Amino acid sequence: MGGIPLRKSPVIATATATALAAGALAVLAAAPAQAAEYHSALKIRGVQYDAPGRDSNSCSSGNTDEEYLTVKNYSASATINLKGYVVKDAAGNRFKFAASHYLQPGDYVKLRGGYGTDSDARNVVYRDNCNFLWNNDRDTIYLYKPSGSRSDVHAYTKSGSDPDRNGYIRFHS
């Protein structure tokens, strides 16, 4: 049963590889654009982008503390220290977690506007700033790791992301 070994012609091999690559590109081009999913346990769970009532950034009587971002540790086993993480919006406004806040697996923290006492027991950190961070009509929320790499990002519009118009959007369950 000795036979002649079959050899692929270099032209056929090149043509086959080119066809496969073109097919792969066509599949990628046809796929709908999706939000990037980052490999990080720390993610933006949701945002109260529009504080209830009439917006007022008065430090003494305003409602900036009712606007918040919830960040959750989705890891099954790792505790995450928030120190050095950065939250930004599309305009470049930012907040950096300067103190250590440890999130156990499944735990979360609400980053609130206004002034208050940070509390791990109550899962709250205040921005110590009476200005609103999120736009009421649309914005993009970025979460960066202390290394500078992106941990999570979400864009929203009031009309497209908040069908019940209650000012709250959930991104991850």
Side-chain angles (χ1 to χ4, degrees), residues 33-158 160-173:
Q34 299 287 332
E37 186 62 32
Y38 296 92
H39 298 287
S40 175
L42 198 64
K43 295 195 179 292
I44 300 164
R45 180 176 181 216
V47 62
Q48 180 72 45
Y49 67 91
D50 188 3
R54 186 169 181 258
D55 285 355
S56 170
N57 61 0
S58 165
C59 285
S60 60
S61 62
N63 61 344
T64 56
D65 64 333
E66 294 181 40
E67 182 182 89
Y68 61 87
L69 177 72
T70 305
V71 177
K72 183 176 178 180
N73 179 357
Y74 285 90
S75 171
S77 59
T79 298
I80 298 174
N81 184 359
L82 292 176
K83 186 175 184 174
Y85 274 82
V86 174
V87 174
K88 290 171 103 175
D89 73 347
N93 297 307
R94 57 181 268 147
F95 173 83
K96 183 176 185 176
F97 288 92
S100 291
H101 295 281
Y102 294 93
L103 293 182
Q104 303 297 320
D107 203 6
Y108 67 91
V109 68
K110 287 184 179 180
L111 175 60
R112 291 189 174 275
Y115 289 87
T117 303
D118 296 350
S119 170
D120 285 338
R122 293 186 317 129
N123 298 338
V124 65
V125 172
Y126 288 88
R127 291 190 303 111
D128 296 333
N129 184 320
C130 293
N131 293 320
F132 288 98
L133 185 58
W134 313 116
N135 293 330
N136 288 351
D137 60 341
R138 70 184 62 216
D139 213 334
T140 303
I141 305 166
Y142 301 92
L143 178 63
Y144 291 96
K145 297 177 183 179
S147 66
S149 64
R150 201 173 277 172
S151 181
D152 202 9
V153 62
H154 291 281
Y156 68 85
T157 62
K158 184 174 189 167
S161 307
D162 187 11
D164 61 3
R165 304 273 199 270
N166 68 353
Y168 184 81
I169 300 168
R170 181 179 296 256
F171 298 114
H172 298 278
S173 24

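Reckoned from all heavy atoms, side chains included, excluding hydrogens, waters and symmetry mates. The model shown is predicted, which means the values in this text are computed figures rather than measured ones.
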Quiz item: If only atom types and distance count, is the side chain of Arg138 paired as donor or acceptor with the main-chain N or O of Asn135 below 3.5 Å?
Solution: no
Self-check item: Which atom of Gly46 lies closest to which atom of Phe171, heavy atoms considered
Solution: CA-CD1, 3.9 Å
Quiz item: Does the side chain of Asp118 reach to within under 4.5 Å of the side chain of His101, using non-hydrogen atoms?
Solution: yes
Quiz prompt | Evaluation steps, side chain to side chain contact (heavy atoms under 4.5 Å, CB included), between Phe95 and Leu69 | solution = CA-CA 11 Å; Phe95 173 83; Leu69 177 72; over 6 Å; no
Quiz item: So, for Ser75 and Ala78, which heavy atoms are closest and what is the spacing to 0.1 Å?
Solution: OG-N, 2.8 Å
Quiz item: Do the non-hydrogen side-chain atoms of Lys43 and His154 ever get within less than 4.5 Å of each other?
Solution: no
Quiz item: Could you state the interatomic distance from OG1 (Thr140) to NZ (Lys88), rounded to the nearest 0.5 Å?
Solution: 12.0 Å
Quiz item: Ignoring hydrogens and geometry, is there a side-chain-to-backbone donor-acceptor pair from Tyr102 to Asn81 under 3.5 Å?
Solution: no
Self-check item: Check: Asp89 side chain, Trp134 main-chain N or O, donor-acceptor pair, under 3.5 Å
Solution: no
Exercise. For Arg54, look at atom CZ and say whether over 12 heavy atoms of other residues, nucleotides or ligands are found less than 6.0 Å away.
Key: no
Exercise. Identify the heavy atoms of Gly114 and Tyr126 that sit nearest to each other, and give their distance.
Key: O-CB, 3.7 Å
Exercise. Kindly give the heavy-atom pair with the smallest separation between Arg94 and Val86, and that separation in Å.
Key: NH2-CG2, 3.9 Å
Quiz item: What are the two closest heavy atoms between Asp139 and Ala90, and how far apart are they?
Solution: OD1-N, 3.1 Å
Quiz prompt | Shortest non-hydrogen separation from Ser100 to Lys83 and the atoms involved | solution = OG-CD, 3.8 Å
Self-check item: Leu103 and Tyr108: CA distance, side-chain angles, deciding distance, side chain to side chain contact (heavy atoms under 4.5 Å, CB included) verdict
Solution: CA-CA 6 Å; Leu103 293 182; Tyr108 67 91; 5.7 Å; no
Quiz prompt | Tyr144 vs Arg150 side-chain heavy atoms within contact, under 4.5 Å | solution = yes
Quiz item: Applying the side chain to side chain contact (heavy atoms under 4.5 Å, CB included) test to Val71, which of Asp152, Leu143, Val47, Asp107 qualifies?
Solution: Leu143
Self-check item: Whether Ser151 side chain and Leu42 backbone form a donor-acceptor pair below 3.5 Å
Solution: yes
Quiz prompt | Pairs meeting criterion side chain to side chain donor-acceptor pair (under 3.5 Å) with involvement of residues 62-73, two or more places apart | solution = none
Quiz item: Can you find a pair of side-chain heavy atoms, one from Phe97 and one from Val87, that are under 4.5 Å apart?
Solution: yes
Quiz item: When you look at Ser147 and Ser149, which way does the side-chain hydrogen bond (donor to acceptor under 3.5 Å, both in side chains) test go after all the steps?
Solution: CA-CA 6 Å; Ser147 66; Ser149 64; 3.1 Å; yes
Exercise. Determine whether Arg112 and Arg127 make a side-chain contact, defined as any pair of heavy atoms from C-beta on separated by less than 4.5 Å.
Key: no
Quiz item: So, the side chain of Asn129 versus the backbone of Asn131: is there a donor-acceptor pair under 3.5 Å, distance only?
Solution: yes
Quiz item: Any side-chain heavy-atom pair from Asp162 and Tyr168 closer than 4.5 angstrom?
Solution: no
Exercise. Answer yes or no: is there a side-chain heavy-atom contact under 4.5 Å between Thr79 and Pro105?
Key: yes
